Amino acid sequence: MSFRARILLVGILAAFLAPDAARPADWGIGASFGAVNDISHRFQIEEFHARDWNAWLEFGIEDHVQLRGTYGSLRAPADTNSAASVRSDVDYGTIGVSYEFLEGESDYTSGLFAGFGGYRVRPDGAPADTVFGWHAGVDGSIRIISKLSAVGRITAHRFRSGGGRTMLSGTAGLLFRF
């Protein structure tokens, strides 16, 4: 079974085994795209050039609390010691919990999220390495129509590769809840 298939299976099982699974489901599916920067040793805003794309499935386990399974891919420099032209793809599958804060009676929410997952690091011209790590971040959403929202998210990914790497991504996308 492939790495992607294992991550998807774990996410589906976690959603079905979540507390209060007998209550009506509050499901959501979304996708986003954005920029990423390796901030393992320094942070410079102009270094947000690479890409992060991801898709997720979420399940409401309580009011304003979602269990979220995410699959995505980062494209960034292989590490801070390599030449600028050497790149690395980092495929990831994560399981996390998100808490939303409602902003009054408006159609806007903000939130915090965190979780853990597997990261498959694939440097150009080198063998892949699968490692574990965690992620945490903040997000916000604005409802466009009844079940469709625009989502913005800032996520920090920390995983053990080459002594430990921290990637910061900023993404924007859409979320459909049903």
Side-chain angles (χ1 to χ4, degrees), residues 1-15 18 27-40 43 45 47-61 65-80 86-100 109-124 126-141 148-162 164-178:
M1 181 180 280
S2 73
F3 176 73
R4 293 176 184 154
R6 287 183 209 154
I7 295 298
L8 181 61
L9 180 61
V10 168
I12 291 169
L13 288 173
W27 291 91
I29 188 167
S32 66
F33 184 81
V36 66
N37 188 2
D38 186 340
I39 61 167
S40 300
F43 174 82
I45 196 79
E47 291 184 4
F48 277 90
H49 296 294
R51 60 125 173 98
D52 176 11
W53 66 262
N54 58 70
W56 67 91
L57 178 67
E58 63 184 37
F59 177 74
I61 55 177
V65 179
Q66 288 83 35
L67 177 66
R68 183 182 299 146
T70 303
Y71 177 76
S73 184
L74 307 166
R75 178 82 169 153
D79 64 38
T80 56
V86 177
R87 310 298 273 170
S88 180
D89 286 318
V90 180
D91 299 329
Y92 60 93
T94 61
I95 300 291
V97 175
S98 172
Y99 181 80
E100 290 182 333
T109 63
S110 59
L112 301 171
F113 59 91
F116 61 92
Y119 294 81
R120 185 172 175 89
V121 182
R122 296 181 295 124
D124 290 345
D129 184 23
T130 302
V131 296
F132 287 95
W134 57 266
H135 72 282
V138 297
D139 59 11
S141 68
L148 184 67
S149 298
V151 176
R153 188 170 289 151
I154 297 173
T155 308
H157 295 271
R158 176 76 176 159
F159 51 93
R160 301 298 277 167
S161 176
R165 294 186 69 188
T166 304
M167 305 292 235
L168 184 66
S169 68
T171 60
L174 296 172
L175 168 64
F176 180 78
R177 288 196 170 151
F178 51 98

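Keep in mind it's a predicted model, so treat the numbers as computed, not measured. We use all heavy atoms of the structure for the numbers below, so side chains are in, but hydrogens, waters and symmetry mates are not.
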Could you tell me whether the side chain of [Y] reaches within less than 4.5 Å of the side chain of [X], counting heavy atoms only?
{"X": "L175", "Y": "W56", "value": "yes"}
{"X": "Y119", "Y": "R165", "value": "no"}
{"X": "M167", "Y": "F159", "value": "yes"}
{"X": "T171", "Y": "W53", "value": "no"}

Quiz item: Once the angle between the rings of W27 and F178 is folded into 0 to 90°, is it parallel (under 30°), tilted (30 to 60°) or perpendicular (over 60°)?
Solution: parallel
Partners passing side chain to side chain contact (heavy atoms under 4.5 Å, CB included) against [X] (at least two apart in sequence or in another chain):
{"X": "F116", "answer": "none"}
{"X": "A136", "answer": "A114, W134"}
{"X": "A128", "answer": "R120, R122"}

To the nearest 0.5 Å, tell me how far [X] [atom1] sits from [Y] [atom2].
{"X": "L168", "Y": "L74", "atom1": "CG", "atom2": "CG", "value": "10.5 Å"}
{"X": "D38", "Y": "F48", "atom1": "CG", "atom2": "CZ", "value": "10.5 Å"}
{"X": "F176", "Y": "L148", "atom1": "CZ", "atom2": "CG", "value": "7.5 Å"}
{"X": "H135", "Y": "I95", "atom1": "NE2", "atom2": "CD1", "value": "9.0 Å"}

Exercise. List the atom of L174, the atom of A150, and the distance in Å for their closest heavy-atom pair.
Key: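 Minimum heavy-atom contact is CD2-CA, 4.2 Å.
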Quiz item: Would you say the side chains of S141 and S149 form a donor-acceptor pair under 3.5 Å?
Solution: no
Practice problem: Output every pair passing salt bridge (charged side-chain N to carboxylate O under 4.0 Å, His left out) with a member in residues 66-77, not counting sequence neighbours, ordered by first then second residue. | Solution: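 Listed once each, the pairs are E58-R68, R68-D139, R75-D89, R75-D124.
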Practice problem: Not counting sequence neighbours, which residues clear side-chain hydrogen bond (donor to acceptor under 3.5 Å, both in side chains) with D52? List them please. | Solution: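 For D52, the residues satisfying side-chain hydrogen bond (donor to acceptor under 3.5 Å, both in side chains) (neighbours in sequence not counted) are Y92, S169.
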Quiz prompt | Non-neighbouring partners of T166 that pass side-chain hydrogen bond (donor to acceptor under 3.5 Å, both in side chains), sequence neighbours left out | solution = R158
Exercise. Return yes when atom CG of L112 has more than 12 non-hydrogen atoms of other residues, nucleotides or ligands closer than 6.0 Å, and no otherwise.
Key: yes
Self-check item: Contacts of type ring pair (Phe, Tyr, Trp, His ring centres under 6.0 Å), residue Y99, not counting sequence neighbours
Solution: F101
